[in-house]
Protein chains: 2
Amino acid sequence: MKPTIRDVAKLAEVSISTVSRVMNAPHTVVESKRIRVMEAIAQLRYQPNGFARGLIYKKSYMLGLLIPDIENLYFSGVIRGMQDACIKLGYSLMICNTDRDKERLLSYIDAFYEKQVDGIVFASDVLYPEYYEKLVGCRIPFVLVSSHSDEFDVPSVEVDDEQAAYDAVRFLVELGHREIGMIGFNHDNSVSGPPRYNGFVRALTEAGLERNIVKARFANHRFEHAYHAAHELFGAYPELTAVFCVADEFAMGAVSYLKDRGILVPGQVSVIGFDNLRMASMFIPKLTTIAQPIYQLGYRAAEKLHELLSTGAVAVTREKMEHKLIVRESSRERA
Amino acid sequence: MKPTIRDVAKLAEVSISTVSRVMNAPHTVVESKRIRVMEAIAQLRYQPNGFARGLIYKKSYMLGLLIPDIENLYFSGVIRGMQDACIKLGYSLMICNTDRDKERLLSYIDAFYEKQVDGIVFASDVLYPEYYEKLVGCRIPFVLVSSHSDEFDVPSVEVDDEQAAYDAVRFLVELGHREIGMIGFNHDNSVSGPPRYNGFVRALTEAGLERNIVKARFANHRFEHAYHAAHELFGAYPELTAVFCVADEFAMGAVSYLKDRGILVPGQVSVIGFDNLRMASMFIPKLTTIAQPIYQLGYRAAEKLHELLSTGAVAVTREKMEHKLIVRESSRERA
DNA sequence: AATCCCAGTGAAAAGCTTTTCTCAAAGGAA
DNA sequence: TTCCTTTGAGAAAAGCTTTTCACTGGGATT
């Protein structure tokens, strides 16, 4: 069996209180005993029982993370950032992958509740009233990352999707493109879908290219859907010389489609992505894209949650982080 | 504050024992009270305190997973499989990303110990004696996935790396290639590095192409390293018409390099990868590769750990899963 | 020399649940 | 009617740690 504090006390011939003090306030116990206790601890490889401590502290020093799709590199980055922040702040991290399944998400919240996580980071998904109710019902503090809520007053960290999309399309316009399409996220169940579309519309309107506004097709997070959307888009609008894709994975899907059709990227069509995944610079051609500070988003979300947990509030509720245009090889001036 | 079993008991006007029975053995309590209790539970949204239960059961129903690099799609797949198995088996999952850092890994084991995880899955890394000692010292059962140990008797699940590499190279030989190189894993700190190299050697030897054995360069998990390794390899052996890469990410690095040099894939050089990441079919050209059953590996590892936890032993210690050659576009018969 | 203070330590309670033990009441059999 | 069995339910202990409280003895103060 695992050794307990009693075993240590017995071996060191002191009371359990003394052992506890050696671990939590070493200076209050006289050196001779302290050494004896520490030797006993080392000898037995004693480590306090997390359950018992949790019961007392009413804290688990564990945070929960809910992500929609672990196979999306975007979230890997968020996880890394969050995990590093957790190490700094003294938390453990419990990561749950919902696969965008509502039931699953709800049951993960139950698991979090039962495991008594101190707080939850909720990534990239729409915060449905259902989720919100459940979370506040459980009295678990939480923050949103790459998401926000207009309906409820919930702390969040994200980039300015509208502005970022605007910048992407503006860039294409400045390259001289006049026929610009878009592959966006389906608007239902999507947080960033609408604002990114709005950014697209605003940039086009500003440039007097309103005729392009209809040239958008929508897809569902995955490469294959984007491939299909590209097929529809270029089928309907073969005149396009540039596409704005709201995710790097979509950009890859679009490039793949164009390649299969024998259309050169960036020779005939420029493609710009969004996210700046690690893969963006590995793809051929390397993707021009709007970079999100993915790692920092995760890091900051954990910090913000910590702030919420320790002070009970948060200085700024809806926090924006900077995006940045990164020009690589998938875009070019219009011939 | 979170409601406790006392609050429920008070509201339902029964003893706490009765409440507990309603939750754990409902048929032993008379219907009238049972209903009252269940209403009280629903009303208060009561959920038992995991700490208190853990203290009694001496189980957390939580498994730990140690992975070297969360940004590697290989591990995302393993995680998905493992998480699905965990749901089926009633475990929660705590995922820790070591970033291949020894200190970090060791401190995660401490965290697991303190959180009283029931068992650990250790992914893709060499099981150093240091780790082994610590794990057995903590009396935490564990299994290896995509790894194994010759030194210790530890349950593991993986593919047959040597045979898989052999199959890959054999395939290139059968395509008529006679000048075949390899980009492998650095052998130090690598589990699959040596066997995959051995498979390469065996296939070449069998085909009477021993002269190619020296045509191998080694890299460190990441795309950029593989790019660099490709540079060295083709610098030294420009006659190569095929390369075996021990990871899809390496294959992408190699293709990138060749592309930058103006060498056509598969026109002039065939490239075969390993893993069959989701990305392999998104890349241009789509990668020919040796598929590992990544999801199943993770799934099976969790099942195996469960077996170990519930029966105290495991039917077969070193378990192999099937690999499979998947031919796509990055390979071609030698002209 | 008497009093006070303080450092150091042990005993005990608290935190929440499950489970065992005990008890009471009800129902059935003789 | 009485005794036994069965069913249902409460009291209490156990699981492990932290923390509060109380006690002891030694040093300092007056």
Side-chain angles (χ1 to χ4, degrees), chain A residues 1-38 40-41 44-62 90 110-111 113-118 138-139, chain B residues 1-38 40-41 44-62 90 110-111 113-118 138-139:
Chain A
M1 276 309 340
K2 261 194 77 167
T4 74
I5 199 171
R6 309 196 99 81
D7 301 317
V8 178
K10 195 174 294 174
L11 184 61
E13 298 179 307
V14 297
S15 73
I16 58 171
S17 324
T18 303
V19 178
S20 178
R21 270 186 289 257
V22 169
M23 305 206 71
N24 300 299
H27 57 280
T28 64
V29 23
V30 82
E31 191 177 1
S32 60
K33 294 196 184 188
R34 190 168 60 214
I35 290 177
R36 247 165 46 214
V37 169
M38 295 197 322
I41 288 174
L44 297 172
R45 295 179 198 243
Y46 168 72
Q47 181 143 20
N49 182 315
F51 294 137
R53 312 185 92 188
L55 213 43
I56 292 173
Y57 292 136
K58 296 172 196 300
K59 290 199 72 175
S60 59
Y61 294 98
M62 180 149 76
D110 280 333
Y113 187 48
E114 205 247 303
K115 291 275 185 288
Q116 321 270 326
V117 300
D118 297 336
C138 293
R139 298 171 203 73
Chain B
M1 274 313 336
K2 259 194 80 167
T4 74
I5 199 171
R6 309 195 99 81
D7 302 316
V8 179
K10 194 175 294 174
L11 184 60
E13 298 180 308
V14 296
S15 74
I16 58 171
S17 324
T18 304
V19 178
S20 177
R21 270 186 290 257
V22 169
M23 306 206 70
N24 300 298
H27 58 279
T28 65
V29 22
V30 81
E31 190 176 2
S32 60
K33 292 198 184 186
R34 189 169 58 215
I35 291 178
R36 245 162 50 212
V37 169
M38 294 195 325
I41 287 174
L44 296 173
R45 296 180 199 243
Y46 167 72
Q47 180 144 18
N49 182 316
F51 295 136
R53 310 187 91 189
L55 213 43
I56 290 172
Y57 292 135
K58 296 172 194 298
K59 289 200 72 175
S60 59
Y61 294 98
M62 181 150 74
D110 280 333
Y113 188 49
E114 205 245 306
K115 292 275 184 288
Q116 322 269 326
V117 299
D118 297 336
C138 292
R139 298 171 203 73

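Just so we're on the same page: letters track the sequence lines, and every chain starts at 1.
Protein atom CE of B/Met23 is 16 Å distant from nucleotide atom C1' of C/dT19, rounded to whole Å. To the nearest angstrom, C1' of D/dT17 lies 9 Å from CG of A/Asn24. Spacing between atom CD1 of B/Ile5 and atom P of D/dA11 amounts to 13 Å, rounded to whole angstrom units. B/Lys10 places its NZ atom 13 Å from the P atom of C/dT17, with the value rounded to the nearest Å. Put simply, CD on B/Gln47 is 15 Å from P on C/dC16, counting in whole angstrom units. In this structure, A/Arg36 atom CZ and C/dG8 atom P are separated by 15 Å, rounded to whole Å. Distance CG (A/Asp7) to P (D/dC16): 9 Å, rounded to an integer number of Å. The interatomic distance linking B/Arg6 (CZ) with C/dT18 (P) rounds to 13 Å, in whole Å.
Inter-residue side-chain proximity for A/Lys115 and A/Ser60 is flagged as unmet; no heavy-atom pair is nearer than 4.5 Å. Taking the side chain as every heavy atom from C-beta outward, B/Met23 and B/Tyr46 approach each other to under 4.5 Å. Counting only heavy atoms from C-beta outward, the side chains of B/Asn49 and B/Thr4 never approach each other to under 4.5 Å.
Distances shown here put a side-chain N or O of B/Lys33 below 4.0 Å from the OP1 or OP2 atom of D/dG10. One finds no side-chain N or O of A/Ser17 lying less than 4.0 angstrom from the OP1 or OP2 phosphate oxygen of D/dT19. B/Tyr46 has a side-chain polar atom (N or O) that falls below the 4.0 Å cut-off from OP1 or OP2 of C/dT17. In terms of phosphate contacts, B/Asn49 brings no side-chain nitrogen or oxygen within less than 4.0 Å of OP1 or OP2 of C/dT17. Taking side-chain N and O atoms only, A/Arg53 has a distance below 4.0 Å to OP1 or OP2 of D/dT18. In this model, the phosphate group of C/dC16 is not approached by any side-chain N or O of B/Lys2 to a distance below 4.0 Å at OP1 or OP2.
Map A/Thr28 and A/Ile16 each onto its nearest nucleotide of DNA chain C; the residue landing nearer the 5' end is A/Thr28. Closest-nucleotide positions on DNA chain D for B/Glu13 and B/Leu55 were compared, and the one nearer the 5' end corresponds to B/Glu13.
More than 12 heavy-atom neighbours from other residues, nucleotides or ligands sit within 6.0 angstrom of CZ on B/Arg139.
Closest approach of A/Lys2 and B/Tyr113 over heavy atoms only: CE-OH, 3.3 Å.
Looking at the side chain of B/Val14, the nearest of the listed nucleotides C/dT9, C/dT18, D/dG10 is D/dG10. Of the candidate nucleotides C/dG8, C/dG10, C/dT19, C/dT19 has the atom nearest to the side chain of B/Ser20. The side chain of B/Tyr57 sits closest to C/dT18 out of C/dT18, D/dT18, C/dG15. Side-chain proximity of A/Val30 to D/dT17, C/dT9, D/dA9: nearest is C/dT9. Counting only heavy atoms from C-beta on, B/Thr18 has its side chain closest to D/dG10 among D/dG8, C/dT17, D/dG10. Between C/dT18, D/dA9, D/dT18, one nucleotide has an atom nearer to the side chain of B/Ser15 than all others, and that is D/dA9.
Judged by distance alone, with hydrogens and angles left aside, A/Arg21 brings a side-chain donor or acceptor within reach of the base of C/dG10, the pair sitting under 3.5 Å.
Counting non-hydrogen atoms under 4.0 angstrom, B/Phe51 reaches nothing in the nucleic acid.
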So B/Ser15 and B/Thr18, side chain to side chain donor-acceptor pair (under 3.5 Å) or not? Walk me through it. CA-CA 5 Å; B/Ser15 74; B/Thr18 304; 3.2 Å; yes
